[in-house]
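Structure, as structure tokens:
Numbering starts at 1 and runs along the sequence shown. We count ligands from 1, going down the list as the structure has it; atoms in each ligand are counted the same way.
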Amino acid sequence: MTQASTGKPELLVLRPLMPGQMEQIENAFQLHRYDLAEDKQAFLVEVGSRIRGVVTAGSPGFKADMLPHLPALEIVASASVGTDSIDVSACKARGIHVTNTPEVLNDDVADLAIGLILNALRRLGDGHDYVRSGEWSRNGMMALGRSLKGRRLGVVGLGRIGMEIAQRAQAMKMTIAYTGRSKKDVPFEYFPTPVDLAQNCDILVLACPGGAETRHLINAEVLEAMRPDAWIINISRGSVIDEAALIDALERRAIGGAGLDVFENEPHIDTRFHTLDNVVLFPHHASGTVETRAAMSQLVVDNLKAHFSGQALPTPV
Ligand code: NAP
């Protein structure tokens, strides 16, 4: 059941915020819970003309096919830094603002990248299983891992998150190199292409945006350029890797392995990942902490409140 207008700006909620921030927008706005509607199309047709703001996140994002139902839309506020799932150009063409949540998630996402590296090289998951299964008491010492110290870490996309990963890796005595569209003023070696970088590192970490421009940036040629004991770590977007080529390389043991937080068809990932023993998997949860999700939610609230009180947006896209 939709409610009569209360006079407050009306928002369509595609994905709810954290409870504390939901409370804030419930007080300041009139919410329409698309996420809870059983017949979503009918719900959109019913309330669409009243909607002035959309609340969303990386999933489900915001697709242009909703726009014809939202003639009064002014702002799409997403609880994500990535905007690859939002039709930003279609919004901008209609003068609709888009906001995201940069910076506040850098540390947690970078920590998770380092966690995947540690898990891969020091075999944290394997060790956990080794103790729990009783193999330790039956067979003694587990197989050896590999040192992080002295490894060459290559970052694809040395932006806000990539830089945090690089700084953490430096503290762990790794050497850093990177690739991207441009050379930056940093004390790290620059390689112009992912292939050049892959040939010159032991751990390739992906931290660039997703979307059409980076789709399959990491293809069979890049994987072929990697050393047979090198690992690839992806906390960016599943679309950045040609996953069929990756699985082929993993099955042939052409590379050491892959630590993945993101996948091409998440959450329904390729089932071959279930049995490969040279992968470390995480369910797209690099920013998934209480603290960071609250900070991301708060930025959504702050952007909405700024927009509807005529102030500058804190984090426009
Ligand atoms: P950012 O500051 O914009 O950094 C992105 C970097 O990627 C830039 O340094 C850019 O450098 C580089 N880049 C852009 N296009 C490229 C291309 N075609 N080839 C190579 N490098 C390219 O963004 P951020 O805040 O660090 O976030 C990066 C991405 O991380 C987000 O877009 C999102 O997809 C992902 N992310 C994932 C999670 C998760 O839960 N797994 C959480 C947060 C973010 P140049 O301009 O020099 O090329």
Under the criterion salt bridge (charged side-chain N to carboxylate O under 4.0 Å, His left out), I'd like the reasoning laid out for Arg168 against Asp107: C-alpha separation, chi angles, the key distance, then a yes or no.
CA-CA 10 Å; Arg168 282 160 174 73; Asp107 290 315; 2.9 Å; yes
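The environment of Lys40 atom NZ is dense: over 12 non-hydrogen atoms of other residues, nucleotides or ligands sit within 6.0 angstrom. The number of heavy atoms from other shown groups lying within 6.0 Å of CD (Glu23) does not exceed 12.
Protein residues with a heavy atom under 4.0 Å from ligand 1 are Val81, Gly82, Leu105, Val109, Gly157, Leu158, Gly159, Arg160, Ile161, Gly180, Arg181, Ser182, Lys184, Ala207, Cys208, Pro209, Gly210, Glu213, Thr214, Leu217, Ile235, Ser236, Arg237, Asp261, Val262, His284, Ala286, Ser287.
Note on Ile255: it does not cluster hydrophobically with Leu153, by side-chain heavy-atom contacts below 4.5 Å among ILVMFWY residues.
A salt bridge between Lys63 and Asp87 is absent, with no side-chain N of the basic residue lying under 4.0 Å from a carboxylate O of the acidic one.
Between Tyr190 and Tyr178, the ring center distance clears the sub-6.0 Å criterion.
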